[in-house]
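First the proteins, then the strands, lettered A, B, ... as listed; each starts at 1.
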Protein chains: 4
Amino acid sequence: MSESEDSRQTGPRTRGRPRNADADAAILSATRDLLAERGWPDLTIAEVAARAGVAKTTLYRRWPGKADLVVDAMAELFSHLEVLDRGSMLQDALATVGQYVELLQLPETQAALLALSAEADRDASLRAKVIDKVIDPQRHLVYEAWERACARGEVEGETDIDLIFDMICGTLVHRILIKGQPVDQEYLTRFVSVVLAGLAQLRLAGGI
Amino acid sequence: MSESEDSRQTGPRTRGRPRNADADAAILSATRDLLAERGWPDLTIAEVAARAGVAKTTLYRRWPGKADLVVDAMAELFSHLEVLDRGSMLQDALATVGQYVELLQLPETQAALLALSAEADRDASLRAKVIDKVIDPQRHLVYEAWERACARGEVEGETDIDLIFDMICGTLVHRILIKGQPVDQEYLTRFVSVVLAGLAQLRLAGGI
Amino acid sequence: MSESEDSRQTGPRTRGRPRNADADAAILSATRDLLAERGWPDLTIAEVAARAGVAKTTLYRRWPGKADLVVDAMAELFSHLEVLDRGSMLQDALATVGQYVELLQLPETQAALLALSAEADRDASLRAKVIDKVIDPQRHLVYEAWERACARGEVEGETDIDLIFDMICGTLVHRILIKGQPVDQEYLTRFVSVVLAGLAQLRLAGGI
Amino acid sequence: MSESEDSRQTGPRTRGRPRNADADAAILSATRDLLAERGWPDLTIAEVAARAGVAKTTLYRRWPGKADLVVDAMAELFSHLEVLDRGSMLQDALATVGQYVELLQLPETQAALLALSAEADRDASLRAKVIDKVIDPQRHLVYEAWERACARGEVEGETDIDLIFDMICGTLVHRILIKGQPVDQEYLTRFVSVVLAGLAQLRLAGGI
DNA sequence: CAGTAATCGAGACGGTACGTCGTGTCTTATA
DNA sequence: TATAAGACACGACGTACCGTCTCGATTACTG
């Protein structure tokens, strides 16, 4: 995630005026602000540039378009999650999923996440970027939580990380982003315990 | 749900030339076709009108914009689901969820569903339409499946329909629409059994 | 001018519901009012109909379009001029031209006369209507004034009515409608006396 | 008059990409061509842009609308008149007025001049542009012709330039543009001699 | 320390879709 | 048959955003 675009890792850049190092951060920050203020459809490249104090040219030199820009802006937001150690698998899960819920409830996330996925429908390379930079980095959280529970002796063996991941993210996306409903503590607790119960079942049955 | 816009149920219409009754169906059908062919961002009102053999004006007289039009087009697609009776709760669920998966895998659904939800982010009235016409009509499937299982004696009491609904729809949306991955028979079976296991847990614990 | 359109003199109309006799006057009056209020480009058939308390259909059954409607509306305005007898050729001319000036200064005339002539550029039948119904009816004023002057013995023989007519109408149209300047008493007196002087020259030289 | 719009004389232009210098001429030329081909009502901005090989945006960046565009297109046409020296006041006048007649008989002029004046009825700023750029530049012709005649000793003192100007332009506009009749050599000669006779009268009477 | 090369701000450009408006025609029920 | 009401096909409007381009000006590294 430190390289926000492919065109930027071309080795030790030498000739010519170097790029303004502050611009990237200003642009991504402006992008998030405007996503929160205006929503995806009314987010214009020109306004992002203006807000960041940068020319449109500069922005287009670094990102090919609105979608790629927003991917990187969201990636920064989603790069700070980690599995919290709360002593038990249930508590770990509650705390970690809670962090994820908070992210989903940010206005910039609400504006961007579904829009990006929608845009990615006909654009395989965009879909790859969304998955690589925003979605998949969260998958390791499930893995780590499972490993920690194993280390504690709460569970053993392997499980279906992908399925669990889809269930957690998907359910919350459906609740928060698609239906626009809040996730309170009770809903969260109930949800996590259902998932953990199912997860146990998964292990017992050995994939049915 | 058969009324595609509020302005159309105004009692015993008398004055003036009546609206062309065929146009609605032609427009919605053209909308779905073009969604599948071009995707959401390249779906233009002008082309829908042309494909439906209708003037742009006529289309705007019936729907305020692209999003509202697509809501109704999708609503028709999603109005044919029902709970299949396969003899057991597990088999009922597999068959019914399988129908839903097929809908999610249609190119028109892939083009439209997330785009609509994204567009609805800042537009409460659009969100309400999406939920009322596309999302919520599927919720009764969960209810009916549960009732049938009760009647068979497989389960008893009540359960958290909303949570189960979010889990089923959300997981599949995440898998199919967001990550763009296929749902095969194995994934489906595994998923459904995890949900049913969790559901049993939900009943036992009495909401934790 | 009593028959405002060709489609209306079809003999002794018999079958079916007869046309509303008041509608013509109401429509022409509404047309003049709206010309004065909104100007030619913003005059819409729909609004004329509404103002006249009539359906668009009714209007289109009587006039083929906006231009023809306005021709008749203007024709009524221009149908009341006559040569005033003020005792001398100069005074007759001043009084009669003064009437014409007043017509040109009406807002409805300002809105309509040049617009009609412009519209007539590519439409020979419209040009014929404008000339027959609005322009040429005034030409006889020149003829009558000349005849009266002859009868008084102020002048004798013939003159070039067409040229004099073009000069009088044209000069005032240029001043009032094209340049938008007022015609005061001094300008009018000076103008008429120049024309009369030229007219004398015309007679003397016998066409140069 | 060479500057087609006020927004274009902004001193030593520096910042940003400069405007395409050829575009103005191409647009104005396309405008005249299409005026001649289609007439004013069927002249569309989109077609002018296409014909000039320019985007609609570019055209709107330079002119606020159809009328302003046509004013400049006509201004170019009317900017080439001059008083010809034919040895006598009468011959000078015949030659110069003859040039003007030729301009009025061009199809682009027939399409545009009255339409512009009509459009200017409710738009003071447009009226000012029409007068400043198309009408008034011809007024000096009358002045120069008079001065030359004075220098020759044919006439002396001052005269009412405005009135003479209205009479010349107005009469020909009425004949050619409003009535759509041709101006042949005989009409022209007769007309000019009447005006000159009246002009002499004007001088003698000292304004009546 | 001049030359080269890439960056930057600014804004014009070609293109495309938008949603609105006016036209003149039509289709209904009613008079 | 005329009427009021209003839907209809059509086509132009003027606006907005996109992503590209062309400028002059700046800012480093290079030879």
From CH2 of B:W63 over to C1' of E:dC18, roughly how many Å is that when rounded to an integer? 18 Å
Can you check whether D:R62 has a side-chain N or O nearer than 4.0 Å to OP1 or OP2 of E:dC13? yes
C:R61 CZ - E:dC26 P separation (whole Å): 13 Å
How do B:A55 and C:A55 order along DNA chain F: which one's closest nucleotide is nearer the 5' end? C:A55
Rounded to the Å, how far apart are A:Y60 OH and E:dA12 P? 17 Å
Between the side chain of A:K66 and the main-chain N/O of A:I45, is any donor-acceptor distance below 3.5 Å? no
Got a sec? Which of residues 32-47 of chain C come in under 4.0 Å of DNA chain F, heavy atoms? none
Nucleotide of E:dG9, E:dA12, F:dC18 approaching D:R19 most closely (side-chain heavy atoms): E:dA12
Considering only nitrogen or oxygen atoms on both sides, find all protein atoms under 3.5 Å from nucleotides 3-5 of chain E and state each distance.
none

Distance, rounded to the nearest Å, where A:D68 contributes CG and F:dG19 contributes C1': 13 Å
Are D:L43 and D:V70 close enough that some pair of their side-chain heavy atoms sits under 4.5 Å apart? yes
Taking salt bridge (charged side-chain N to carboxylate O under 4.0 Å, His left out) as the definition, give me every residue that meets it alongside A:R38, ordered by chain and number, with sequence neighbours left out. A:E47
Please give, in whole Å, the distance from F:dC8 C1' to B:D22 CG? 14 Å
How close or far is atom P of F:dG6 from atom CG of B:N20, stated in whole angstroms? 18 Å
Assess whether one donor atom and one acceptor atom, taken from the side chain of B:K56 and the base of E:dG19, lie less than 3.5 Å apart. yes
Hits for side-chain hydrogen bond (donor to acceptor under 3.5 Å, both in side chains) against B:R51, two or more places apart or cross-chain, chain-then-number order -> B:E37
Any donor-acceptor pair under 3.5 Å joining the side chain of C:T57 to the base of F:dA5? yes
From the list D:D72, D:D22, D:V48, side-chain contact (heavy atoms from CB on, under 4.5 Å) with D:I27 holds only for D:V48
Using only side-chain N and O atoms of D:T58, determine if any of them is under 4.0 Å from OP1 or OP2 of E:dG14. yes
Within a strict 4.5 Å, meaning less than it, do heavy atoms of the B:L28 and B:W63 side chains meet? yes
For D:R32, which residues count as a side-chain hydrogen bond (donor to acceptor under 3.5 Å, both in side chains) partner, sequence neighbours excluded? D:E76
Could you give the CG-to-P distance, from A:L59 to F:dT20, as a whole number of Å? 12 Å
Partners meeting side-chain hydrogen bond (donor to acceptor under 3.5 Å, both in side chains) with B:D123 (sequence neighbours left out): B:S125
